Amino acid sequence: MTSKSSNPNVQDLQRQVIALLQEVSTLMDRATKELKSEDSSENKYQIYQQEIAKEIGTVTDLKLRMAIAAPMNAGKSKIINAIIGQELLPSSATAMTTLPTEIVLKENAAEPILKLSPRICEAFKKALDAIRQEIQQQGMEEVLKHTGEYPHLASLLEEIHSDRDFGISEKISGSKNINKILTELNHIIRLCNILAVSQDQDPLQLLNDNDIPSIETPFFRTQQNQQLEKLGNLVIVDTPGPSEAGVSEKLEIVVSKQLKRSQLVLLVLNFTELRAEAAEKIKAEVQKVIRTSSQENLYVLVNKIDERRRGDIDTEMVKQFVANNLKLANTDRVFEVSARQAFCAKDFLRQSSLSSQDIKDPEAAEALAREVWPVNWEDELKEATVDKLQKRAVKLWEVSKFESFLEEAINVILRQVAPRCMEFALNRCLIHLDDLCNNAKNDLAYINSNAEKLQQAIEDLKIELSSLAACRPNLDEKVAQTKKQIKETVNASLENLKKDVKNELDTLLKNYVLDSARKVFSNLWDDISGASQFCKSLKK
């Protein structure tokens, strides 16, 4: 019989992993204090400790983050809406997402709920005040000129000017309300950039990495895609398309931070723009993250295959192109879909499942009709029954190829949320511990090397001191002899000098007048006195 300790359940593993992470966090705290880096303003071990603290929270909550990265208008929001089965995230033909948003897939949730932190609410209230101030200073007519490329923002400016209450609160429920408030928040950020408001009033500058809107939502499954047994929640992070003119630099920073915070990355590419410059930039950004993680953590979705025409590359060629371009080992995690078709089909199936007698949402029926009968959709919709529309929706769902993506990617991930959370956390710890161990080894080798050099220097110094001590008696004797020789030489020189002076005086007295003799004598006497003083100093 297998013991419980040798075959622990997920909860036991979770507790063990959390305990291990806490030990590593304590070790990093000790390293922060004892291994301070002199050439860096911020200790890297402190950064490691902060990252491990986040991993403890991730394992505690069992949340697996998957960031969706894509160039502008690749269809990220539409893909997320197709996964969920309803239109929660705003999407449009023009640039939309500027504010990262996380979507927590919770099957037991009654309805979608958007949660905004107090910091988010305060940041957007400041942004609205800043926009109103710009309108007052420049005038509405002048401000509207700045929004020429974004005509849909004109009505929003009018509403801001009229002091309308935008209802920015910490909790918002219902898909329509959530879609509306997220649309307005993204538009407010875009207005702040267009009007160049100060950084202390720009939401993108005021909010940190953790301050992003969070939606907890159930998600509808088709008959082929039923409930899964899972532990933990998958968190999908919708990121901005960083190629938007005027805000690309800000958005690139936002995307980069969200990619680094996530364990998985879903790269979305536009079928018609696989080689576009914007696509290359986002692929390069994704590659930076994957290099420090693993190719197994990257999924690629080629969207908008409904735009494929005769003569375009087929599915296998698309997958091979992506694999070669991203240097992937195989094409197992490369999928192609039509998110628009998938969403229209799934949204209608969800709405019609609520009641078989009528169509709950005419917008869902109209969107489906436009897809399946693009030319005469209005006439077809008038005659269509719910049963006929449901069959068309099922067929459109198959054509979209979204089922394959859900089954082979999303469902696989959902089944593995708990073990992947723990695996990622442990791998992060392993990387940091390896770095700490290598640095400690290098420091120890450096210390040992310097200790050997210092010990050798001490030995050499001892030898020098011993030699000096042995030489000292001989040195003292030589100094005494030298002093004696100098003294004898000086005394002899002084006697000779005195004789020379006396002879010189005698000569002067005989050959010159007395005054001149006295002057010469005085000078000579000064020389003698100086010489005498010099001799006395040598004797001392």
Side-chain angles (χ1 to χ4, degrees), residues 66-70 73-93 96-97 101-107 109 112 175-176 178-179 182-183 215-228 234-239 241 264-271 299-308 333-354 361 363-372 389-390 392-414:
M66 180 172 72
I68 301 186
N73 291 333
K76 300 185 306 300
S77 300
K78 189 68 75 176
I79 288 167
I80 296 174
N81 288 337
I83 293 172
I84 299 168
Q86 54 184 313
E87 194 168 13
L88 280 182
L89 299 184
S91 59
S92 68
M96 173 53 70
T97 305
T101 305
E102 65 176 31
I103 300 89
V104 184
L105 302 182
K106 300 185 74 171
E107 292 183 275
S175 57
K176 291 188 181 299
I178 291 173
N179 186 288
L182 287 178
T183 300
I215 304 172
E216 293 183 354
T217 180
F219 55 107
F220 174 73
R221 296 180 180 277
T222 61
Q223 290 182 350
Q224 303 100 313
N225 187 14
Q226 295 301 316
Q227 299 285 95
L228 295 171
L234 176 63
V235 180
I236 300 175
V237 184
D238 184 23
T239 64
L264 303 174
V265 176
L266 175 62
L267 173 61
V268 178
L269 300 173
N270 188 333
F271 172 78
Y299 295 82
V300 184
L301 201 58
V302 179
N303 191 23
K304 301 188 179 182
I305 59 168
D306 50 292
E307 298 183 24
R308 175 181 275 135
R333 290 177 174 79
V334 181
F335 305 88
E336 59 171 26
V337 299
S338 169
R340 187 178 73 246
Q341 291 177 338
F343 171 73
C344 289
K346 196 171 185 180
D347 188 39
F348 179 81
L349 290 172
R350 182 183 66 84
Q351 290 287 347
S352 62
S353 70
L354 300 176
D361 189 347
E363 291 183 7
E366 179 180 323
L368 174 65
R370 284 178 178 272
E371 285 298 319
V372 296
L389 288 172
Q390 286 178 333
R392 292 290 183 176
V394 170
K395 182 62 177 177
L396 186 64
W397 174 256
E398 294 174 358
V399 171
S400 74
K401 296 188 178 181
F402 215 82
E403 181 67 31
S404 175
F405 166 64
L406 286 182
E407 184 60 37
E408 298 176 33
I410 300 299
N411 286 350
V412 171
I413 294 170
L414 286 170

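All figures in this text were calculated on a predicted structure; none of them were measured in a lab.
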What's the verdict on side-chain contact (heavy atoms from CB on, under 4.5 Å) for F335 and V300, showing C-alpha distance, side-chain angles and the deciding distance?
-> CA-CA 6 Å; F335 305 88; V300 184; over 6 Å; no
Please give me the minimum heavy-atom distance between [X] and [Y], naming the atom from each residue.
{"X": "K304", "Y": "F271", "answer": "O-CB, 3.7 Å"}
{"X": "Q351", "Y": "A364", "answer": "CG-CB, 4.1 Å"}
{"X": "M66", "Y": "L234", "answer": "CB-CD1, 4.2 Å"}
{"X": "N303", "Y": "A339", "answer": "OD1-N, 2.9 Å"}
{"X": "L368", "Y": "A345", "answer": "CD1-CA, 4.4 Å"}
{"X": "Q86", "Y": "F343", "answer": "C-CE1, 3.5 Å"}

Approximate separation, where rounding is to 0.5 Å, of [X] [atom1] and [Y] [atom2]:
{"X": "F405", "Y": "I83", "atom1": "CZ", "atom2": "CD1", "value": "4.5 Å"}
{"X": "R333", "Y": "L266", "atom1": "CZ", "atom2": "CG", "value": "12.5 Å"}
{"X": "L389", "Y": "L396", "atom1": "CG", "atom2": "CG", "value": "11.5 Å"}
{"X": "D347", "Y": "E363", "atom1": "CG", "atom2": "CD", "value": "9.0 Å"}
{"X": "F348", "Y": "R392", "atom1": "CZ", "atom2": "CZ", "value": "12.5 Å"}
{"X": "I236", "Y": "D238", "atom1": "CD1", "atom2": "CG", "value": "9.5 Å"}

Show your working on side-chain contact (heavy atoms from CB on, under 4.5 Å) between I413 and Y299 and close with a plain yes or no.
-> CA-CA 11 Å; I413 294 170; Y299 295 82; 3.7 Å; yes
Residues V237, T101; criterion side-chain contact (heavy atoms from CB on, under 4.5 Å); working and verdict | CA-CA 6 Å; V237 184; T101 305; over 6 Å; no
If the condition is side-chain contact (heavy atoms from CB on, under 4.5 Å), which residues does [X] pass it with, not counting sequence neighbours?
{"X": "E216", "value": "V104, K106, K115"}
{"X": "A367", "value": "C344"}
{"X": "A342", "value": "A82, W397, S400, F402"}

Using salt bridge (charged side-chain N to carboxylate O under 4.0 Å, His left out) as the criterion, list what pairs up with [X], not counting sequence neighbours.
{"X": "E87", "result": "none"}
{"X": "E102", "result": "R65"}
{"X": "K401", "result": "E336"}

Side chain to side chain donor-acceptor pair (under 3.5 Å) partners for E408, two or more places apart =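 Side chain to side chain donor-acceptor pair (under 3.5 Å) check on E408 returns S404.
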Could you pull out all residues at least two apart from D306 that satisfy side chain to side chain donor-acceptor pair (under 3.5 Å)?
->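 Only S338, R340 meet the side chain to side chain donor-acceptor pair (under 3.5 Å) criterion with D306.
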Decide yes or no on side-chain contact (heavy atoms from CB on, under 4.5 Å) for K76 and N81, but give the supporting numbers first.
-> CA-CA 9 Å; K76 300 185 306 300; N81 288 337; over 6 Å; no
Any [X] side-chain heavy atom under 4.5 Å of [Y] side chain:
{"X": "V394", "Y": "L349", "value": "yes"}
{"X": "P218", "Y": "P112", "value": "yes"}
{"X": "L267", "Y": "L269", "value": "yes"}
{"X": "V268", "Y": "I68", "value": "yes"}

Report the residue from I84, N179, I215, I178 that forms a side chain to side chain contact (heavy atoms under 4.5 Å, CB included) with L89.
->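 For L89, the side chain to side chain contact (heavy atoms under 4.5 Å, CB included) check succeeds only for I215.
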